[in-house]
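Small disclaimer: the values here were computed from a predicted structure and weren't measured.
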Amino acid sequence: MSSIPTARIAEVQRNTNETKIRVRVNLDGTGQAKLATGIGFFDHMLDQIARHGLIDLEIEAEGDLHIDGHHTVEDVGITLGQAVAQAVSDKKGLTRYGHSYVPLDEALSRVVVDFSGRPGLAMDVKFTAGSIGAFDTQLAFEFFQGFVNHALVSLHVDNLKGHNAHHQCETIFKAFGRALRMALTLDPRSAGVIPSTKGSL
């Protein structure tokens, strides 16, 4: 039997009347990213997930930005969640849980994730500004909600400190990437074992 693990790579396309999204992930990458959502700050945040999660990430999005960024950001979250769920497969050998605290100057955020098979989001972030560049800060919630619903994870996102909205948001996305990296790491001590007393996730 080969000891080489199956590549954890997936590509998903989602096309609606509002958006056309393509996402490709390699969960065992080096943090390379090719991003084009049409929202510069959102691309910057997605880059944090790739670099700090060591996930190779390609995202192409065409959305109805003439209305606003809502559909684009939400649908990227949905499609990324679908891709991660597909790439992680049966979760055998998965660490499963991940957490991270990340500071940026005066801001500090904590993110905790569980690849539980059950979607749930608890997010406590009080942004000090309504927008960062062309990114509506309310859409951070919509992104994570879309991801959670389709990756089937429990996710807790808390901004503990912060006065600058850019810093607040960046610490959240960096911590999310770091938490994903921990949770998605394969544990050699439980190779081939699903990390649950239920025997399935």
May I ask whether [X] and [Y] are part of the same hydrophobic cluster, defined by side-chain heavy atoms of I, L, V, M, F, W, Y residues being less than 4.5 angstrom apart, directly or through others?
X      : Y      : value
Met45  : Leu121 : yes
Leu65  : Phe41  : yes
Leu57  : Leu54  : no
Val125 : Val73  : yes
Ile55  : Met182 : no

Check against side-chain contact (heavy atoms from CB on, under 4.5 Å), Val112 and Leu155: CA-CA 6 Å; Val112 185; Leu155 183 66; over 6 Å; no

Residues 186-195 side chain polar contacts: donor-acceptor under 3.5 Å, at least two apart:
residue, atom, partner, partner atom, Å
Asp187, OD1, Arg189, N, 2.9

For Ser196 against Ser200, the heavy-atom pair lying closest together: OG-O, 3.7 Å

Shortest non-hydrogen contact between Ala50 and Ala33, atoms and distance: CB-CB, 3.9 Å

Residues which pass side chain to side chain contact (heavy atoms under 4.5 Å, CB included) with Asp90, listed by chain and number, not counting sequence neighbours: Lys92

For the atom pair [atom1] ([X]) and [atom2] ([Y]), what is the distance rounded to the nearest 0.5 Å?
X      : Y      : atom1 : atom2 : answer
Leu201 : Phe115 : CG    : CZ    : 10.5 Å
Ile9   : Gln86  : CD1   : CD    : 11.5 Å
Ser89  : Leu27  : OG    : CG    : 10.5 Å
Arg14  : Lys20  : CZ    : NZ    : 12.0 Å
Thr185 : Arg96  : OG1   : CZ    : 15.5 Å

Under 3.5 Å, is there a donor-acceptor pair between the side chain of [X] and the main chain of [Y]?
X      : Y      : answer
Thr95  : Tyr97  : no
Asn164 : His167 : yes
Ser116 : Arg118 : yes
Asp56  : Gln32  : yes

Close side-chain approach of Asp114 to Val153, heavy-atom, < 4.5 Å: no

Close side-chain approach of Leu108 and Pro103, heavy atoms under 4.5 Å: yes

Check: residues 74-84 side-chain donor-acceptor pairs under 3.5 Å, at least two apart:
residue, atom, partner, partner atom, Å
Asp75, OD2, Thr19, OG1, 2.5
Thr79, OG1, Asp75, O, 2.7

Within 6.0 angstrom of His44 NE2, more than 12 heavy atoms from elsewhere: yes

With sequence neighbours left out, which residue pairs that include part of [range] fulfil the salt bridge (charged side-chain N to carboxylate O under 4.0 Å, His left out) condition?
range            : value
residues 27-48   : Arg8-Asp28, Asp47-Arg51
residues 171-186 : Glu170-Lys174
residues 150-160 : Arg110-Asp158

Residues which pass side-chain hydrogen bond (donor to acceptor under 3.5 Å, both in side chains) with [X], listed by chain and number, not counting sequence neighbours:
X      : answer
Thr128 : Gln168
Thr171 : Ser109
Asp124 : Lys126
Glu58  : Arg22

Do any side-chain atoms of residues 132-148 form donor-acceptor pairs under 3.5 angstrom with protein atoms, and if so which ones, sequence neighbours left out?
residue, atom, partner, partner atom, Å
Asp136, OD1, Gln138, N, 3.0
Thr137, OG1, Ala129, O, 2.9
Thr137, OG1, Gly130, O, 3.1
Gln145, NE2, Asn149, OD1, 3.1

Residues Val157, Phe176; criterion side-chain contact (heavy atoms from CB on, under 4.5 Å); working and verdict: CA-CA 8 Å; Val157 179; Phe176 178 61; 5.8 Å; no

Test log, rule side-chain contact (heavy atoms from CB on, under 4.5 Å), inputs Glu60 and Gln13: CA-CA 9 Å; Glu60 297 173 355; Gln13 295 192 33; over 6 Å; no

Thr72-Thr37 side chain donor-acceptor pair, cut-off 3.5 Å: no

Pairing residues for His52 by the ring pair (Phe, Tyr, Trp, His ring centres under 6.0 Å) criterion, not counting sequence neighbours: none

Step-by-step side-chain contact (heavy atoms from CB on, under 4.5 Å) determination, Leu104 to Val102: CA-CA 7 Å; Leu104 175 56; Val102 170; 5.7 Å; no

